[in-house]
Every structure is written in structure tokens, then in C-alpha cells.
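Counting starts at 1 for both ligands and their atoms, in listed order.
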Amino acid sequence: MSEKERAQGQHQDRPTAPAGKLRAATRLVRGGTLRSNFGETSEAIFLTSGFSYASAEAAEARFRHDEPGFIYSRFSNPTVAMFEERMALLEGAEAARATASGMAAVNAALTCQLRAGDRVVAARALFGSCTYILKEILPRFGVITELVDGTDLAAWQRALAPGAACIFLETPSNPTLEIIDLVEVAKLAHAAGAIVVVDNVFATPMLQKPLELGADVVVYSATKHIDGQGRCLGGVILSSQDFLDNHLAPYLRHTGPAMSPFNAWVLLKGLETLHLRVARHSENAARVADFLADQPGIGRVLYPGRADHPQAALAKRQMSGGGGMVGFDVAGGKAGAFRMLDRLRLIDISNNLGDAKSLVTHPATTTHQRLNQAERESLGIGDGMLRLSVGLEDVEDLIEDLAQALE
Ligand SMILES: *Cc1c(COP(=O)(O)O)cnc(C)c1O
């Protein structure tokens with residue numbers, strides 16, 4: 001490298017606009033950017049586990065928190081910090097911490113604040129691994145967990161009567177797209193002294209703002225729409241500074257579910273187009289839901305943006321769009337659903353969701369296979385039910401594929 005090229009490493013950034021004043025789309029593209037002294041336009045990948053210090057005194061000062069700076073990538077890393085700051089700006093949260101996967105985020109958000117003897121009340125319509133944490137793991141450590149019908153306010157009230165440390169819920173839920181009234185449930189939880197933790201994956205940060213509706217902590221699987229292109233796993237937890245300082249930061253620092261800097265970079269790039277993609281996912285899903293509802297071989301269609309959704313008015317109040325997920329029942333039970341899946345030529349059979357590619361799954365034999373028949377029935381997951389994550393393809397091609405599979 002020539003001296004001249006080296007000198008270009010002495011980049012001086014211009015003063016930047018204060019992020020708090022920028023609108024959502026601008027924050028998604030620019031929020032949280034840290035430029036190195038090369039002045040790169042695209043965020044850099046700091047693929048490093050550690051950091052060095054100018055002197056022994058500097059190392060001591062940094063460990064004492066007398067001086068800002070990075071210490072070790074299990075605690076924080078510049079690329080991961082950019083992703084966290086962009087997520088916090090998007091969600092309107094005081095603090096954000098990234099994790100290696102969505103499940104690491106759910107587990108940390110719960111475990112970091114719980115101790116033996118605490119009670120947790122949760123909605124029973126959950127992502128399968130969330131149910132496993134609540135029903136199998138937490139009770140092993142003396143945490144008492146109770147699952148309720150999330151749409152039933154009286155059931156929340158009864159379960160919260162003895163008090164609770166926290167509540168956990170997902171809305172819209174997987175796979176039946178049930179909507180839980182965040183404002184009312186948060187009021188009941190707070191009256192019982194509980195911290196409200198919401199898994200906001202299905203709604204995405206673009207269509208629902210749980211913190212504005214009463215939630216205290218929001219978690220995402222960034223694997224889904226935030227990446228949105230099927231490339232990597234990731235998770236993120238958003239909370240108050242107080243929750244971060246007192247519960248989350250020490251838990252993450254010492255247990256180590258850290259996000260890789262490379263994945264943080266992929267997810268930063270995903271965020272830049274999140275608003276455009278989620279708008280198109282929703283538009284395409286609304287068209288697909290309307291098409292399916294008109295087909296003779298299809299029973300109930302579940303889509304939060306349709307007027308016939310059982311909680312259409314609530315969905316409209318707390319979400320700014322229907323999202324990209326559609327649930328529907330195929331005539332003929334499991335055989336009918338499998339026949340349709342096996343005839344699809346474009347839409348992939350996959351249990352992932354929020355991808356640019358349309359993906360369809362049969363919950364009863366995949367994501368919700370662990371539940372018994374009675375549990376599935378109580379959640380409304382029939383043998384003929386399919387869950388479709390509508391992608392970014394031309395919606396006419398998707399409709400043609402579904403039509404030929406139904407013939
Ligand atoms: C996918 C998903 C998770 C888990 O996320 P991973 O990134 O796969 O670990 C949790 N909750 C919901 C609602 C999900 O869809």
C-alpha cells in the first residue's frame with residue numbers, strides 16, 4: 001500500500017443528521033451507521049473476536065468503563081452495534097441487543113429476568129420452540145408457567161390474579177393468525193406487576209409497534225423478514241435501558257448467545273429494504289387470500305387484513321397492514337393438503353417464513369407435530385390446514401401456481 005493510499009485511511013466524517021429527527025425509511029437505510037476511517041459507504045464487517053488497546057492503562061480504563069470502546073465480540077462488536085442501533089431506532093426502543101437466533105432472543109428475554117418461584121403467564125398459540133421453553137425448560141428451574149387462550153381477556157385476568165413476573169405472547173400467532181389485544185392484555189399484566197414480552201415476528205416492526213401499545217420488551221427472529229432473503233439466522237431483543245442494564249446485558253455477556261458480525265452485516269443490508277419488502281409481502285398476501293377465499297376446494301381463510309377475520313376490527317386497530325402470512329384449510333384433510341402441496345410448481349414446501357420466496361408448510365405434520373391431536377384442535381390447527389408465507393414474486397404467478405395445484 002502506498003503512503004497516499006494509507007493517508008486515505010484518515011477519513012474525517014462530516015457531521016451527520018441527528019437520527020432521532022429522521023423518518024422511518026431513512027433510519028432503515030442510515031440509522032446507526034459507524035464509519036471507519038476509510039469512509040466506506042456500505043457498513044463494514046468487523047469480523048474480529050477481540051480488540052487491542054494502545055496501552056495497559058487504556059485496557060484498564062476500558063474494562064472499568066471509564067473509557068468507551070469495544071472489548072470482546074461476545075459483549076459487543078462494531079457491526080453488531082450498528083444493527084442494534086438501527087433496530088432500536090426503528091422500534092422506538094431505548095436499547096437493543098442482537099442474538100444468534102430468534103430462539104436465543106426469546107430464551108434470553110425470559111430467562112434473564114426470572115428466578116425460581118416466579119410465575120409466567122403466556123398465550124398458548126405460540127411458535128413450537130417458545131412452547132418448549134415455557135413448558136419444558138423453565139419449570140425445571142422452579143418457574144411456574146401457565147398457558148391461556150390469548151384472545152380471552154377473562155382468562156388472562158384469572159391467570160394473572162395470583163401475580164406474575166412476566167407474560168409472553170405472539171400476535172398474530174403462528175399458524176392460525178389469532179390477534180391478541182395488546183393494549184388490554186398489557187394493562188392487566190401491569191396491574192399484576194408483570195413485565196410484558198411480545199414476539200412480534202409475524203407483524204414485523206413495520207406493521208405493529210408493541211412498545212407503543214404497552215409492551216415492555218419486544219423480541220424478533222431476524223431470520224424472518226429482517227433478513228427476508230433466507231440467508232442467515234439472527235434475533236434481537238428491544239427494551240428500556242433499565243431492563244438492559246439490570247437484566248439483559250449481564251445475562252448475555254456471561255452466557256454468550258452473541259450474533260456473528262457477518263450475520264449482523266447481512267441483517268443491516270436487509271433492514272435497508274424492509275419497508276419496501278413488507279409492503280409488497282402484504283399486498284401480495286391480501287391478493288392471495290382473496291383468491292383462495294373464492295376457491296371451492298378451500299374452507300376457511302385466515303388473513304388479518306380480510307374483513308372476515310374473526311378479529312378484523314382489532315387487527316385494524318393495532319396493525320397498519322395484514323402482513324405476509326395466510327392460513328387456510330384444504331378440503332380432504334391431510335390427504336387433500338398433501339395433494340395440493342405436492343402439485344405446487346413454484347411455491348416451495350418449507351417451514352421458514354418471511355422470505356422473498358413464497359413458502360408453504362403443513363403445520364400439523366411439521367412445526368406443530370409435537371402437539372397431540374387434541375392440543376392442535378384446541379388451537380384450530382386442523383389436518384387440512386396450510387400456512388403460506390407469501391413472497392415477493394409477481395402475485396399473478398403465485399395465483400396461477402395455486403390455481404393449478406387446486407385443479
Ligand atoms: C421463527 C420464529 C422464532 C424463532 O426464530 P429462529 O430465528 O428460527 O430461532 C420465534 N418466534 C416466531 C414467531 C418465529 O416465527
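In terms of heavy-atom proximity, Leu274 sits nearest to Pro205 at CD2-CG, 3.9 Å.
Cation-pi geometry between Lys135 and Tyr132 is not satisfied (NZ or CZ under 6.0 Å from the ring centre, within 45° of the ring normal).
Residues with a heavy atom under 4.0 Å from ligand 1: Ser101, Gly102, Met103, Phe127, Glu170, Asp199, Val201, Phe202, Ser221, Thr223, Lys224, Gly234, Leu353.
A side-chain donor-acceptor contact under 3.5 Å links Thr273 and Arg277. A donor atom on one side chain and an acceptor atom on the other are found under 3.5 Å apart for Thr111 and Asn107.
Between the side chain of Arg124 and the backbone N or O of Leu379 there is no donor-acceptor pair closer than 3.5 Å. Without hydrogens or angle criteria, Arg387 side chain to Pro175 main chain gives no donor-acceptor distance under 3.5 Å.
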